[in-house]
Amino acid sequence: MAAAKPTPTDSLSFCLAQLTAAAGEGLGGTKDTATNETPLGRALLALRTRHVKAAGGIERFRARGGLLPLLALLRRASAAGPAPSLAGPGSSPSSIESAATVGPAPSAGPAPSASLSTPSPPARLRKTLDLALSILADCCTEGACRTEVRRLGGILSLVTILQCVKTDSVQNRAARALGNLAMEAESCVDIHSAGAVPLLIESLTAYQDSHCLQSVIRALRNLADSPQHRLALAQQGAVRPLAELLAAPPDPALILALVRALLELSRGCSRACAEQLSLGGGLGPLVSLASHPKRTVRESAILILANLCAQGLVRPALGNAGGVEVLLGELQQRRGPSGAGPASQQPLVRAVCLLCREAINRARLRDAGGLELLMELLRDPHASAWHPRVVAALVGFLYDTGALGRLQALGLVPLLAGQLCGELGDEEEEGKEAASWDFPEERTPERVEAGSFRSLRSWLISEGYAAGPEDISPDRSPERCPRPPPPPAPPEQAQAASPARGPALVRTPRGRSPATEESWGREGPALLLLSRFSQAPDPSGALVTGPALCGLLAYVTRAPGPPSPRALRILARLTCNPACLEAFVCSYGAALLRAWLVLGVAPDDWPMLRARPPSLRSQHRELGEMLLQNLTVQAESPFGVGALTHLLLSGSPEDRVACALTLPFICRKPSLWRRLLLDQGGLRLLLSALTRPAPHPLFLFFAADSLFCLHSLVSPTVSPAPPPATPLDLDPPSPCHYEPLLGPAPIPAPDLHFLLDSGLRLPAQRAASSAASPFFRALLAGSFAEAQMDLVPLRDLSPSAAWPVMHHLHGCRGCGAALGPIPPPGQPLLGSEAEEALEAAGRFLLPGLEEELEEALGRIHLGSQGSLESMGEVLRLGRPRMAVHCARWVLGPGQCTRKRALALVELVEAAGEEAGPLTEAFLAVVMGVEVGNRGPSLDS
């Protein structure tokens with residue numbers, strides 16, 4: 001097959017030469033009779049179909065200088081066309097540079113269009129413009145060409161063509177070229193400055209060709225590259241024609257172009273954009289497109305609806321069109337197992353939260369399952385960045401009783417309490433346009449005059465007292481005149497007017513002025529909702545719980561700045577509500593208030609404490625005492641007495657223990673706490689629960705504090721700080737009566753020796769030994785064989801244990817022999833010589849020796865040198881008096897709260913399942929049975 005005959009248009013040089021000649025001489029030329037085309041037409045066609053389309057063709061065309069004659073040709077062609085119907089705005093373009101995306105080229109063939117008021121150009125001129133604009137649009141898909149076109153003033157030429165040549169094919173290609181140029185920010189600025197936007201908007205309403213409309217829409221979309229340009233487009237009316245086109249007969253390609261353009265124009269949605277889209281009837285079609293089968297159209301329509309929610313004026317209409325259900329359904333789908341990531345959910349979360357600002361949309365959102373969705377977001381730790389926005393949205397339901405009940409059932413209160421001190425960012429600020437449209441803004445003059453003043457001014461002018469309105473200033477109107485300050489009251493009247501001081505339930509802690517303006521920080525919405533919940537007749541089920549109280553107390557004590565007075569009012573309101581009394585008792589709320597605020601021990605501070613400034617500790621202590629006083633007033637009222645009595649006698653086992661523990665904190669009437677705790681067994685019930693599984697992380701801490709408070713109530717006359725006792729090793733020694741028997745010449749001479757298992761012989765006096773112990777009296781002076789023996793064996797007795805026995809038999813009291821078998825603190829007592837000595841004292845019926853050994857043990861292991869572990873060792877000896885010594889140490893007034901609680905923990909662990917001796921010991925100490933008895937001094 002023969003090769004095709006080459007033609008002159010195959011040469012780029014030939015085409016450029018024709019283009020240059022036409023740009024310099026005009027658009028005419030002799031027509032080739034064989035092809036019925038001019039050489040310029042053939043050159044333009046070859047450039048568009050072969051040279052520019054080839055690989056690297058655009059770069060070669062630009063490098064050979066083709067853009068300059070091409071733009072010159074366009075200027076001549078536009079000048080040869082019909083006269084413009086409007087004055088062409090324009091300015092010299094600037095030279096700035098950037099990058100963006102390239103859009104698809106429309107089809108090259110012309111399409112019919114509606115004729116405008118200006119006549120259509122001749123067919124040859126129109127074809128020349130079509131080909132030249134198509135070449136220019138293709139060249140503008142590359143960044144270097146865009147820069148060159150901008151430098152050569154091509155933007156102004158394209159705007160002139162848009163203004164002068166009213167043909168759909170020319171408008172199509174000119175808009176396509178402008179759209180490609182607008183992919184760079186510098187060109188976008190020049191296009192706006194050249195006045196292209198009104199011409200493009202005019203084309204939206206003047207033409208019906210789909211390809212032309214798509215090119216115009218794409219150009220407008222690319223021109224919306226910044227917030228300033230989006231606002232300028234909306235203010236010039238670019239949004240309404242796009243919205244009106246959405247309602248036209250469906251064209252898939254046109255619909256896609258429209259939603260993409262509206263999505264770009266609605267970013268950071270301005271008021272003008274929302275108004276035009278609503279007036280253009282675009283809300284309904286957008287809601288319908290949210291279920292479009294094509295994913296791009298569907299997602300774009302949904303995002304447009306989400307962007308529109310930023311404007312309060314359009315949200316009611318958006319809800320009426322079904323936008324609430326659409327946005328909720330899409331957000332639920334994206335949060336599903338196969339949903340998208342958090343980035344795609346963010347605009348929908350923002351839109352749903354903004355929809356909560358109008359009552360009509362809140363009702364739709366509640367009925368569509370929006371409350372459950374918002375609660376799911378609050379529970380999701382991965383959505384923590386949105387939590388402040390969600391909480392602020394829930395404030396809209398503040399007076400919706402049904403919604404509040406549903407939110408409470410879904411567990412909102414603990415989540416709000418946890419929000420108070422969480423490490424979360426602040427809520428993103430919305431503009432004033434996003435405010436609720438339930439109260440639309442009123443457009444009034446800058447100076448609003450009162451009606452009464454207007455009437456007065458009209459009467460003064462009509463009666464001739466004033467020449468005109470300017471003679472009377474509104475600043476002198478009665479409504480604007482400041483009221484004079486009231487005269488100060490005399491001191492005696494002021495004193496009489498002040499209310500009498502009484503047992504007020506709610507007081508303001510020292511250092512906090514109730515008149516101080518409350519700050520609305522990041523915790524403001526959560527506190528407002530909690531305050532609303534606390535105003536219910538019985539808020540105990542929601543707010544008087546461990547998580548809710550912990551959240552409130554953590555905020556009050558650990559807020560970076562001064563806590564909001566609203567939080568203090570919530571706590572005061574709860575403690576003053578009789579319906580909350582049982583909840584404070586059963587949830588250990590009263591004990592928590594005392595521990596956290598008065599004693600400064602939070603759940604996460606136990607057993608390691610955090611340091612707090614003294615000033616804050618005093619303020620927290622005052623607040624805690626005020627709240628406990630409120631609970632005391634409730635507990636000692638007739639209702640409170642009945643409730644506590646019923647709880648202690650007929651409640652569940654857990655509630656009975658909680659009631660017994662809480663009573664010493666909130667009850668000060670002796671008749672009441674004696675009847676409930678001592679007469680009706682509340683104290684024994686509390687003590688028996690010490691060795692069972694703890695119902696609260698701070699249960700043993702609460703129990704130690706409760707027992708101490710009860711001990712103080714029972715024995716208020718006990719000195720809070722007894723004088724320290726003299727250490728045993730510094731006591732003046734008593735004379736030793738046994739030592740003379742041990743010398744080489746004993747006086748008197750021993751008449752008896754005791755033989756130990758080790759072979760050691762210990763001298764003794766028969767008469768003294770018989771008189772000191774009934775055991776030895778029967779052994780040495782009775783009918784046993786030992787009564788006739790001079791060497792009496794003592795089995796199972798070591799020398800260390802026998803030594804204090806021998807001293808005690810011969811009358812030694814306090815000579816120091818009892819210290820011999822006692823190990824130093826830190827060493828175990830079980831299996832030690834001290835335990836053997838105690839057993840020997842019991843076996844030989846020597847109660848005085850037992851008491852002396854126990855006192856020595858208490859001095860050494862329960863004194864200042866002893867540790868908490870030593871207390872457990874002492875209790876494990878299983879001796880009742882030692883258990884009483886341990887209980888007295890725990891409840892002693894000289895111990896700090898933390899050390900007292902740690903000691904109780906150690907005692908409970910040492911007691912194990914055998915809680916009887918420990919229970920009886922605490923009963924004896926609390927009820928004062930052992931107060932008059934002599935015991936070891938534990939403060940040495």
Side-chain angles (χ1 to χ4, degrees), residues 349-350 352-359 361-363 365-366 369-381 383-430 434-436 438 518-556 558-559 563-577 579-580 583 589:
V349 172
R350 174 174 177 263
V352 170
C353 292
L354 289 172
L355 286 171
C356 295
R357 299 192 175 188
E358 286 77 34
N361 288 332
R362 286 197 296 271
L365 188 139
R366 182 188 59 209
L371 296 180
E372 289 77 6
L373 180 60
L374 293 175
M375 288 297 299
E376 179 186 343
L377 288 170
L378 275 182
R379 283 190 289 264
D380 185 3
S384 58
W386 306 329
H387 287 175
R389 183 184 292 278
V390 174
V391 174
L394 292 177
V395 173
F397 297 93
L398 198 63
Y399 298 103
D400 188 340
T401 308
L404 284 180
R406 180 61 180 157
L407 290 171
Q408 179 177 336
L410 291 172
L412 175 62
V413 171
L415 295 175
L416 291 176
Q419 297 272 321
L420 293 179
C421 283
E423 298 294 333
L424 303 177
D426 294 333
E427 180 192 359
E428 182 182 349
E429 293 291 336
E430 300 286 354
S436 173
D438 287 345
E518 297 185 16
S519 60
W520 182 269
R522 56 174 298 279
E523 71 280 358
L527 284 175
L528 188 60
L529 285 167
L530 290 174
S531 177
R532 181 69 176 89
F533 281 115
S534 71
Q535 296 169 13
D538 185 6
S540 59
L543 279 167
V544 190
T545 61
L549 290 176
C550 285
L552 285 169
L553 293 177
Y555 167 72
V556 168
R558 299 174 186 171
S564 171
R566 181 172 280 115
L568 309 182
R569 291 197 299 270
I570 292 173
L571 291 171
R573 190 178 297 124
L574 294 175
T575 54
C576 292
N577 191 339
C580 297

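Given the structure is predicted, the values throughout are model-derived calculations rather than measurements. We number each residue from 1, following the sequence as shown.
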_Residues in side-chain contact (heavy atoms from CB on, under 4.5 Å) contact with Thr545, at least two apart in sequence or another chain_ = Pro547, Ala548

_Let me confirm one number: the OG-CG distance from Ser534 to Leu571, rounded to the nearest 0.5 Å._
9.5 Å

*Give the minimum heavy-atom separation between Ala583 and Ser540, together with the two atoms involved.*
CB-CB, 3.5 Å

*Side chains of Leu416 and Leu412: closer than 4.5 Å at any heavy-atom pair?*
yes

_Could you check whether any side-chain heavy atom of Leu530 comes within less than 4.5 Å of a side-chain heavy atom of Arg566, counting everything from C-beta outward?_
no

*Assess whether side-chain contact (heavy atoms from CB on, under 4.5 Å) is satisfied between Cys580 and Thr575, documenting all intermediate values.*
CA-CA 7 Å; Cys580 297; Thr575 54; over 6 Å; no

*Locate the shortest heavy-atom distance separating Leu543 from Phe533; write the atom from each residue and the value.*
CD1-C, 3.8 Å

*If you look at every heavy atom in Leu377 and Ala383, which pair is closest and at what distance?*
O-CB, 3.8 Å

*Distance in Å, Thr401 OG1 paired with Arg406 CZ, rounded so as to fall on 0.5 Å steps*: 16.0 Å

_Return the CG to CZ distance between Leu394 and Arg389, rounded to the nearest 0.5 Å._
13.0 Å

*Find out whether Trp386 and Arg350 are in side-chain contact, i.e. whether some heavy atom of one side chain is under 4.5 Å from a heavy atom of the other.*
no

*Is it true that Asp400 and Arg362 make a salt bridge, defined as a side-chain N closer than 4.0 Å to a carboxylate O?*
no

*asked:* How long is the straight-line distance from CG of Leu528 back to CG of Leu398, given to the nearest 0.5 Å?
replied: 5.0 Å

*Spacing of Leu404 atom CG and Leu529 atom CG [to the nearest 0.5 Å]*: 7.5 Å

_Val413 and Pro539, any side-chain heavy atoms less than 4.5 Å apart_ = no

_Gap between atom CD of Gln535 and atom CD1 of Ile570 - 0.5 Å precision_ = 8.5 Å

*Give the minimum heavy-atom separation between Ser564 and Leu527, together with the two atoms involved.*
CB-CD1, 3.6 Å

*Taking all non-hydrogen atoms of both residues into account, name the closest pair between Val391 and Ala526 and its distance.*
CG1-N, 3.6 Å

*List the steps, then state whether side-chain contact (heavy atoms from CB on, under 4.5 Å) holds for Arg573 with Ser531.*
CA-CA 9 Å; Arg573 190 178 297 124; Ser531 177; 3.5 Å; yes

*Please report the C-alpha distance between His387 and Leu415 in whole Å, then the side-chain angles of each, then the deciding distance to 0.1 Å, and finally whether the side-chain contact (heavy atoms from CB on, under 4.5 Å) criterion is met.*
CA-CA 10 Å; His387 287 175; Leu415 295 175; over 6 Å; no

_Can you confirm whether Leu365 sits close enough to Leu373 that some side-chain heavy atom of one is under 4.5 Å from a side-chain heavy atom of the other?_
no

_Nearest heavy atoms of Leu378 and Gln419, plus distance in Å_ = CD2-NE2, 4.0 Å

